[in-house]
Amino acid sequence: MQRTTPFRILLAAAALSIASMASASPRCTKEPQSKWLTPAQMKAKIATMGYRDIKVFQVSGSCYEIYAHTRDGKRAEVYFNPVTGAVVQNNID
């Protein structure tokens with residue numbers, strides 16, 4: 001039977017920490033949902049920013065999150081502040 005070394009435990013903990021950080025959405029606001037733009041208002045704002053073909057529109061933590069295409073056709077995952085509509089994080093492929 002192999003013994004688990006402290007190094008292996010540390011390595012496993014670091015991997016779990018990195019994986020959880022990668023999947024976590026950013027913190028977009030501390031305001032309650034009663035102060036958020038409605039989904040219809042937010043979708044209109046997103047359209048004026050040039051995003052199109054919105055495949056997913058969802059609440060993710062304290063953000064509105066979309067999967068769509070940019071004006072020039074690139075795929076985008078975007079997190080918005082739901083109170084102001086400002087882009088908080090934009091991941092473009």
Side-chain angles (χ1 to χ4, degrees):
M1 181 160 110
Q2 275 189 328
R3 292 176 49 190
T4 304
T5 64
F7 176 74
R8 286 186 181 176
I9 292 171
L10 182 61
L11 186 60
L16 284 173
S17 176
I18 289 169
S20 67
M21 285 188 324
S23 65
S25 62
R27 178 124 176 118
C28 296
T29 186
K30 293 181 182 181
E31 296 290 338
Q33 284 192 349
S34 61
K35 294 191 177 186
W36 289 18
L37 296 169
T38 67
Q41 290 170 319
M42 192 63 219
K43 285 178 183 179
K45 193 170 194 66
I46 290 167
T48 64
M49 294 176 168
Y51 295 101
R52 57 185 177 80
D53 304 327
I54 297 172
K55 304 284 187 225
V56 175
F57 178 92
Q58 65 188 13
V59 173
S60 180
S62 63
C63 306
Y64 276 134
E65 176 186 13
I66 67 162
Y67 291 86
H69 287 97
T70 62
R71 248 185 213 122
D72 56 353
K74 294 181 182 174
R75 292 185 315 183
E77 173 189 18
V78 188
Y79 294 89
F80 297 92
N81 179 310
V83 177
T84 66
V87 173
V88 174
Q89 182 176 320
N90 193 353
N91 304 316
I92 297 176
D93 290 343

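- Taking a 6.0 Å sphere around CZ of Arg75, one finds it holds 12 or fewer heavy atoms contributed by other residues, nucleotides or ligands.
- Put simply, the side chain of Ile46 does not reach to within 4.5 Å of the side chain of Tyr64, judged on heavy atoms.
- What you find for Met49 and Val87 is that their closest heavy atoms are SD-CG2, 4.4 Å.
- Contact between Arg27 and Val88 at its shortest, heavy atoms only, is O-CG1, 4.3 Å.
- Atom CD of residue Glu65 and atom CD of residue Gln89 lie 9.0 Å apart, to the nearest 0.5 angstrom.
- In this structure, Ile66 and Phe80 approach most closely via the heavy-atom pair CG1-CE1, 3.7 Å.
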Exercise for review: May I have the step-by-step check of side chain to side chain contact (heavy atoms under 4.5 Å, CB included) for Val59 and Gln33, ending in yes or no?
Suggested key: CA-CA 10 Å; Val59 173; Gln33 284 192 349; 4.0 Å; yes
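- Nearest approach of Ser62 to Cys28, heavy atoms of both residues: OG-N, 2.9 Å.
- Both Met42 and Ile54 sit in one connected hydrophobic cluster of ILVMFWY residues. Membership requires side-chain heavy atoms under 4.5 Å apart, directly or through other members.
- In terms of heavy atoms, Val78 sits closest to Asn90 at CG2-OD1, 3.4 Å.
- Sorted by first and then second residue, the pairs that involve residues 36-48 and meet side chain to side chain donor-acceptor pair (under 3.5 Å), not counting sequence neighbours, are Thr38-Gln41.
- Asp93 CG to His69 NE2: the interatomic distance, rounded to the nearest 0.5 Å, is 9.0 Å.
- Of all heavy-atom pairs between Pro26 and Cys63, the closest is O-SG, 3.1 Å.
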